[in-house]
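Residue indices begin at 1 and follow the sequence shown.
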Amino acid sequence: MSLKDIAVQFPSAAYVHIPFCRRRCFYCDFPVFVVGDSSRGENSGTIAHYVEAVCHEISISPVFSQPLETIFFGGGTPSLLSTEQLQCILTALERRFGIVAGVEISMEMDPGTFDLTHIAGYCSAGVNRVSLGVQAFQAELLKIAGRSHSVDDIFAAIELIHQVEIPEFSLDLISGLPHQSLVQWQDSLTKAVEIAPTHISIYDLTIEPGTAFGRYYKPGDNPLPTDETTVQMYQQAQKVLTGAGYEHYEISNYAKRGHQCQHNRVYWQNRPYYAFGMGAASYVQGKRFTRPRKTKEYYEWLENGAVIDCEVTPPEEELLETLMLGLRLAEGLSLVTLVEKFGEGKVEEIKQCLQPYFKQGWVEVGGERLRLIDPDGFLFSNVVLADLFEKLGE
């Protein structure tokens with residue numbers, strides 16, 4: 001396979017961004033629009049207008065020959081959509097691209113934003129995977145993080161998920177929150193295991209400029225946990241979750257056997273995908289394009305024909321992206337595929353760059369695959385990748 005072949009691979013995945021939230025979390029750097037506590041999709045003209053715009057974007061997007069195998073509704077808070085609004089978007093996707101039987105349709109949902117009628121409606125529309133944004137099981141940490149839900153809301157939401165018998169249920173947690181202790185983190189992990197979702201995502205807090213946390217705190221300063229503590233949190237999660245039967249299949253993700261998120265694997269394997277909505281980033285025909293992050297500019301972009309104006313990713317960037325994404329997976333990267341895409345010489349150069357980390361026990365080559373070793377290779381992946389990028393970019 002040549003780089004020319006890679007550029008024309010057809011996408012079979014679609015991401016749809018739903019930017020609406022009841023409030024902006026203090027760590028959030030995503031393009032979101034606050035609609036208030038009383039807003040629901042069925043009575044919000046703002047949300048209805050946005051759904052109409054997204055459906056229009058879908059209807060004028062270029063069509064390739066492969067139908068959709070995964071669809072992911074992210075945000076924001078997609079569970080602020082009404083069933084009818086969700087169905088409208090799915091119908092637009094079906095008409096434009098086609099959807100395979102057995103498609104994985106994921107939806108991010110926040111506790112306290114849906115009832116039984118809503119989640120049952122989402123399931124009837126085709127949603128078969130829910131990603132629940134729990135983040136923490138302690139009321140004080142939820143307040144510190146600026147979350148709009150309570151601990152009671154978490155367990156009520158989980159009960160609703162169980163009632164509709166959703167096939168795939170993922171639960172999200174955040175480590176490294178201000179004032180978060182190892183005891184609290186252990187408690188969250190224990191509760192997550194007791195709930196027994198098919199999938200658990202563990203995200204280490206990143207302080208982003210422009211967020212409330214970015215104004216309140218500086219990385220490494222109190223009341224943020226120390227680097228030593230966050231390392232312990234990562235190791236704690238790995239030990240507890242793998243001990244409970246979850247596969248640590250990606251740096252931040254754990255799944256019961258057979259329950260990995262197929263949509264996210266598209267990203268990590270650097271395969272092409274569609275994206276729709278404000279701030280959504282697509283990767284089609286070798287072009288990475290991010291839509292305008294503000295509503296006014298997004299609507300203007302649509303009115304002007306939704307032109308994708310960017311260059312094809314050059315080979316050297318394609319290589320670095322492939323390494324950065326693929327090494328996040330426990331299975332790592334196929335050396336055969338790397339040679340086919342980038343040449344044997346480049347693969348030998350990569351191996352040479354990684355020699356110090358082979359000796360350190362963070363990286364290994366086995367079964368014709370290059371991978372990071374769990375847990376230390378995952379834990380220090382940024383060190384490995386930064387060194388790799390610097391040496392390959394010389």
Handout entry: Neighbour count >12 (heavy atoms, 6.0 Å) for atom CD, Glu52
Key = no
Practice task
May I ask you to check whether Gln238 and Asp374 show a side-chain donor-acceptor distance below 3.5 Å?
Solution key: yes
Fill in the blank from the handout: Scanning both residues in full, the closest heavy-atom pair of Ser170 with Ser201 reads OG-OG, 4.0 Å
Exercise for the section: For a side chain to side chain contact (heavy atoms under 4.5 Å, CB included) with Ile202, tell me which candidate from Ile174, Ile251, Asn253, Leu241 qualifies. Expected result: Leu241
Handout entry: Shared hydrophobic cluster for Tyr357 and Phe378 (ILVMFWY, side-chain gaps under 4.5 Å)
Key = yes
Handout entry: Non-hydrogen side-chain atoms of Leu320 and Met324 separated by less than 4.5 Å
Key = no
Practice task
Please determine if Glu247 and Arg257 form a salt bridge, counting it only when a charged side-chain N lies under 4.0 Å from a carboxylate O.
Solution key: yes
Practice task
Give me the ring orientation class for Phe20 and Phe33: parallel if the planes are under 30° apart, tilted from 30 to 60°, perpendicular past 60°.
Solution key: perpendicular
Problem - Shortest non-hydrogen contact from Asp172 toward Gly133 - result: CB-CA, 4.2 Å
Exercise for the section: Check the hydrophobic clustering (I, L, V, M, F, W, Y; side-chain heavy atoms under 4.5 Å; chains of links allowed) and say if Leu302 and Val63 are grouped together. Expected result: yes
Problem - Cluster overlap Ile373 with Tyr254, hydrophobic side-chain contacts below 4.5 Å - result: no
Handout entry: Crowding at CZ, Phe30 (>12 non-hydrogen neighbours, <6.0 Å)
Key = no
Practice task
First locate atom OG1 of Thr230, then atom CD of Gln232, and finally report the distance between them rounded to the nearest 0.5 Å.
Solution key: 9.0 Å
Could you list the donor-acceptor pairs under 3.5 angstrom formed by side chains in residues 183-192, with sequence neighbours left out?
residue	atom	partner	partner atom	Å
Gln184	OE1	Ser181	N	2.9
Gln184	NE2	Glu140	OE2	3.0
Trp185	NE1	Met233	O	2.9
Gln186	OE1	Gln236	NE2	2.8
Gln186	NE2	Thr190	OG1	3.1
Asp187	OD1	Lys191	NZ	2.7
Asp187	OD2	Gln138	NE2	3.0
Asp187	OD2	Lys191	NZ	3.0
Ser188	OG	Gln138	OE1	3.3
Ser188	OG	Gln138	NE2	3.2
Thr190	OG1	Gln186	O	2.9

Practice task
Verify, without hydrogens or angle tests, whether Thr313 (side chain) and Gly286 (backbone) share a donor-acceptor contact under 3.5 angstrom.
Solution key: yes
Exercise for the section: Decide whether Tyr217 and Asn222 meet the rule of one side-chain donor and one side-chain acceptor closer than 3.5 Å. Expected result: no
With a cut-off of 3.5 Å and sequence neighbours excluded, list every side-chain donor-acceptor pair involving residues 287-294.
residue	atom	partner	partner atom	Å
Arg288	NE	Glu321	OE1	2.9
Arg288	NE	Glu321	OE2	3.2
Arg288	NH2	Asn270	OD1	2.4
Arg288	NH2	Glu321	OE1	3.1
Arg291	NE	Glu57	OE2	2.6
Arg291	NE	Ala275	O	3.2
Arg291	NH1	Ala280	O	3.1
Arg291	NH1	Ser282	OG	3.2
Arg291	NH1	Phe289	O	3.3
Arg291	NH2	Ala275	O	3.0
Arg291	NH2	Ser282	OG	3.3
Arg293	NH2	Asp29	O	2.7

Handout entry: Within-4.5 Å side-chain heavy-atom neighbours: Phe26 and Thr211
Key = no
Problem - Residue pair Val32, Arg24: steps toward the side-chain contact (heavy atoms from CB on, under 4.5 Å) verdict - result: CA-CA 7 Å; Val32 300; Arg24 179 184 282 274; 3.1 Å; yes
Practice task
Determine, using the 4.5 Å side-chain heavy-atom cutoff (strictly less than), whether Leu142 and Leu205 are members of one ILVMFWY cluster.
Solution key: no
Problem - Validation row: Val103, Glu69 side chains within 4.5 angstrom (heavy atoms) - result: no
Handout entry: Ser12 OG to Gln66 CD distance, which is reported to the nearest 0.5 Å
Key = 4.5 Å
Handout entry: Heavy-atom check, side chain of Pro31 versus side chain of Pro19, under 4.5 Å
Key = no
Practice task
Please list all pairs passing the ring pair (Phe, Tyr, Trp, His ring centres under 6.0 Å) test where one or both residues lie in residues 60-85, with sequence neighbours left out.
Solution key: Phe10-Phe64, Phe72-His263
Handout entry: Pair Tyr249 and His199, ring centroids less than 6.0 Å apart
Key = yes
Problem - Arg265 side chain to Gln269 backbone, donor-acceptor under 3.5 Å - result: no
Problem - Charged N-O contact under 4.0 Å between Glu364 and Arg371 - result: yes
Cut-off 3.5 Å, no hydrogens considered: what does the side-chain donor-acceptor table look like for residues 151-166, sequence neighbours left out?
residue	atom	partner	partner atom	Å
Asp153	OD2	Ser150	N	3.0
Asp153	OD2	Ser150	OG	3.2

Fill in the blank from the handout: Taken to the nearest 0.5 Å, the spacing of Arg96 CZ from Phe276 CZ works out to 9.0 Å
Exercise for the section: Would you please test Tyr274 and Phe97 for ring pair (Phe, Tyr, Trp, His ring centres under 6.0 Å) and show each step? Expected result: CA-CA 10 Å; Tyr274 300 105; Phe97 305 107; 4.3 Å; yes
Handout entry: Salt bridge present between Arg22 and Asp110 (N-O < 4.0 angstrom)
Key = no
Handout entry: Leu86 CG to Leu80 CG distance, which is reported to the nearest 0.5 Å
Key = 12.5 Å
Fill in the blank from the handout: Distance col, row Glu368:CD vs Leu333:CG, nearest 0.5 angstrom, shows 13.0 Å
Handout entry: salt bridge (charged side-chain N to carboxylate O under 4.0 Å, His left out) contacts touching residues 215-242 (sequence neighbours left out)
Key = none
Exercise for the section: Go through the steps to decide whether Thr198 and Glu168 satisfy the test side-chain hydrogen bond (donor to acceptor under 3.5 Å, both in side chains), and finish with yes or no. Expected result: CA-CA 6 Å; Thr198 54; Glu168 301 291 341; 3.2 Å; yes
Exercise for the section: Show your working on side-chain hydrogen bond (donor to acceptor under 3.5 Å, both in side chains) between Thr91 and Gln87 and close with a plain yes or no. Expected result: CA-CA 6 Å; Thr91 298; Gln87 184 63 70; 3.3 Å; yes
Problem - Under 3.5 Å: donor-acceptor pair, side chain of Gln85, backbone of Ser82 - result: yes
Exercise for the section: Decide whether Ser131 and Glu108 meet the rule of one side-chain donor and one side-chain acceptor closer than 3.5 Å. Expected result: no
Practice task
With the side chain counted from C-beta on, respond yes when Tyr122 and Ser79 share a heavy-atom pair under 4.5 Å apart, and no when they do not.
Solution key: yes
Exercise for the section: Return yes if some donor-acceptor pair links the side-chain N/O of Arg23 with the main-chain N/O of Ser148 below 3.5 Å, else return no. Expected result: no
Exercise for the section: Indicate if Val16 and Val100 have the same hydrophobic cluster label, given that clusters are the connected sets of ILVMFWY residues with side-chain heavy-atom separations under 4.5 angstrom. Expected result: yes
Handout entry: ring pair (Phe, Tyr, Trp, His ring centres under 6.0 Å) involving Tyr299 - partner list, sequence neighbours excluded
Key = His49
Practice task
Indicate whether the side chain of Tyr246 and that of His248 have a donor and an acceptor atom separated by less than 3.5 Å.
Solution key: no
Practice task
Decide if atom CD of Gln235 counts as having more than 12 heavy atoms of other residues, nucleotides or ligands within a radius under 6.0 Å.
Solution key: yes
Problem - Reported CZ-to-CD1 distance for the pair Phe114 and Ile119, which is rounded to 0.5 angstrom - result: 4.5 Å
Handout entry: Test item: Tyr50 side-chain N/O and Met278 main-chain N/O as donor-acceptor pair under 3.5 Å
Key = yes
